[in-house]
Amino acid sequence: MHAENPLRKLPSVQHLLELAPAAEMCVKHGRAAVTSAIRVVLGELRSEIARGAGRVVDGAAILERCDKLVAARRRPGLRRVINATGIVLHTNLGRAPLAAEAIAAMADIAAGYSNLEFDLASGKRGSRTAALEPLLREVAGAEAALAVNNGAAAILLALSALAGGGEVIVSRGELVEIGGGFRIPDVIMQGGARLVEVGSTNKTRLADYREAIGPETRVLLKVHQSNFRTVGFTAETGIGELAGLAREHGLLVVADLGSGLLRPSPGSLEPTLAEALGAGADLVTCSGDKLLGGPQAGLILGRKAAVDPLRSHPLLRAVRLDKMTLAALEATLMLHRDQPDRVPVTRMLAQGEAELQARAERLQSLLGYGNLIASEAYAGGGALPEERIASRALALDLPMGADAVAAKLREGAPAVVGRIADGQLLIDMLTVSDAELPALAKALKAVLG
Ligand SMILES: *Cc1c(COP(=O)(O)O)cnc(C)c1O
């Protein structure tokens, strides 16, 4: 007789569910989660045994493996990270932590029904951005306003509605890729417009635009170079000059400002939104999370005659904001109007060195390790990537190497992402909040031992 098939010795799903630890797991996680984990583990055991790599184990050991699996499956894919990079608007880390007011507004609207597309005064259908637009106009200083899903959608919608079927003239120095393969020439094409490149990589003059204007031209487009710079022997045509030329030919000037600025910033040469519009842009677009430190959004501001065609374009529906984002955006805009210091990103960028020093000292004493150093942090966010900010960091000089420690910190709970400079791992204080310090110290200790 041949030996009994070992697969037969595996307990059944039903048998496992009747064991005491399974009952406990069911109370904690629900019967459906436990049953499905048991099925997965039994399946894994079967193939391990078939490969000769496994052996039959008892019910308790199988359930232990199930318990780990249930826990792993409950861990969200999208989770909190402590940003110790010192880059405030870090695109890969979700850009902006929201203000308490924005979070509360979002939770309130998410929990119930709302007047999203319902006019409470008349009892009739309403517009989803009716309440937002006056606020956005006021905060940005524009005649008309519209908000969509993100900055890329704002440009796509603007070019589709204003230049679809016609030509868009852009400087060769501004045909940039912004990130994640988002390239301006592709967006123009997707919008159904034809790209007309003018000038050279380093110099584009007003005459270059003038010579390229033809009967099909609709828009003169100005694009912020974002995370790219032309320096040295350069010439660029400003919005004001372009606007003059556009008026002569009945064209529109659209400017993608990237991050944009609400108020003049002492260290920056960027125009504010109001200045770009004042200089003659018909429409400006920017990224709402970069500009406001709010939720992901794309903002479109400008003259009413330039914004209105976007409202009736079919793409608008595809790029519209959802109710939670609208709630968070409205709350964030109110803060910019009334109490800008309550917006976390604004507050982070305004921190003094004494505050950063005190936070670094607190972390150092919680940790009992690390050298406190002066560091250069960044605003980030595309349009201001090189704006340096004096900060403080804890430098961890590590025998096992900065890369290895950084990898371990990323796997921790919470995950911590630092910045590596000159072979040292820096834990920058600009982007860490006081409330995060205990969890940060614990995560660091777990890795550093
Ligand atoms: C960031 C950026 C965008 C895209 O904005 P998203 O909100 O990320 O879609 C477009 N143009 C410029 C110049 C940018 O910096």
Side-chain angles (χ1 to χ4, degrees), residues 87-98 136 140 145-160 162-163 168 170-191 193 195 204 219-230 236 238-239 242 253-262 265 268-273 275-276 281 283-302 310 315-316 318-322 324-326 328-329 332-333 345 378-387:
I87 300 165
V88 176
L89 290 164
H90 196 306
T91 293
N92 301 148
L93 299 183
R95 284 193 187 152
L98 300 185
L136 189 50
L146 191 61
V148 294
N149 187 55
N150 59 10
I155 309 166
L156 180 62
L157 176 64
L159 294 180
S160 305
L162 302 178
V168 176
V170 196
S171 158
R172 289 198 166 92
E174 296 171 14
L175 293 173
V176 292
E177 173 174 319
I178 283 130
F182 179 79
R183 293 176 167 171
I184 290 299
D186 299 336
V187 181
I188 294 171
M189 209 180 67
Q190 283 297 322
L195 166 67
T204 305
V219 164
L220 306 183
L221 178 66
K222 187 97 190 117
V223 182
H224 192 287
Q225 284 181 325
S226 193
N227 41 18
F228 166 75
R229 291 285 169 274
T230 23
E236 179 187 6
I239 290 174
L242 288 182
V253 173
V254 174
D256 168 17
L257 300 179
S259 297
L261 265 187
L262 276 186
S265 159
S268 175
L269 300 171
E270 303 286 325
T272 63
L273 298 187
E275 282 164 358
L283 207 74
V284 300
T285 66
C286 68
S287 182
D289 31 354
K290 292 183 201 165
L291 177 79
L292 305 169
Q296 178 189 300
L299 308 179
I300 299 165
L301 299 140
L310 278 59
L315 249 187
L316 179 61
V319 299
R320 70 184 183 180
L321 289 168
D322 83 298
M324 287 178 286
T325 306
L326 263 172
L329 185 57
T332 307
L333 281 166
V345 165
Y378 300 85
L384 307 163
E386 282 162 298
E387 195 167 300

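When a ligand or atom number is given, it counts from 1 through the structure's own listing order.
Among pairs with a residue in residues 181-191, those fulfilling side chain to side chain donor-acceptor pair (under 3.5 Å) read E177-R183, at least two apart in sequence or across chains.
Distances below 4.0 Å separate heavy atoms of G151 from the following atoms of ligand 1: 5 (O), 6 (P), 7 (O), 9 (O). If you number the atoms of ligand 1 from 1 as listed, the ones under 4.0 Å from a heavy atom of G258 come out as 12 (C), 13 (C), 14 (C), 15 (O). Those atoms of ligand 1 that come under 4.0 Å of a heavy atom in I178, given as number and element, are 1 (C), 2 (C), 3 (C), 10 (C), 11 (N), 12 (C), 14 (C). Taking every non-hydrogen atom of K290 and a distance limit under 4.0 Å, the qualifying atoms of ligand 1 come out as 1 (C), 2 (C), 3 (C), 14 (C), 15 (O).
Using a 3.5 Å distance cut-off with no hydrogens or angles, the side chains of T230 and Q225 do pair a donor with an acceptor. The closest side-chain donor-acceptor pair between E270 and H224 falls under 3.5 angstrom.
Close N/O approach between R95 and ligand 1 is found [any backbone or side-chain N/O within under 3.5 Å]. Polar contact check, H224 against ligand 1: no nitrogen or oxygen pair lies under 3.5 Å apart. For the pair A152 and ligand 1, the shortest N or O to N or O distance falls below 3.5 Å. Checked by distance only, ligand 1 and I155 stay at 3.5 Å or farther apart across all their nitrogen or oxygen atoms.
The side chain to side chain donor-acceptor pair (under 3.5 Å) search around S160 returns none, not counting sequence neighbours.
Counting heavy atoms from C-beta on, the side chains of L299 and T285 never come closer than 4.5 Å. The shortest side-chain heavy-atom distance between L315 and L310 does not fall under the 4.5 Å cut-off.
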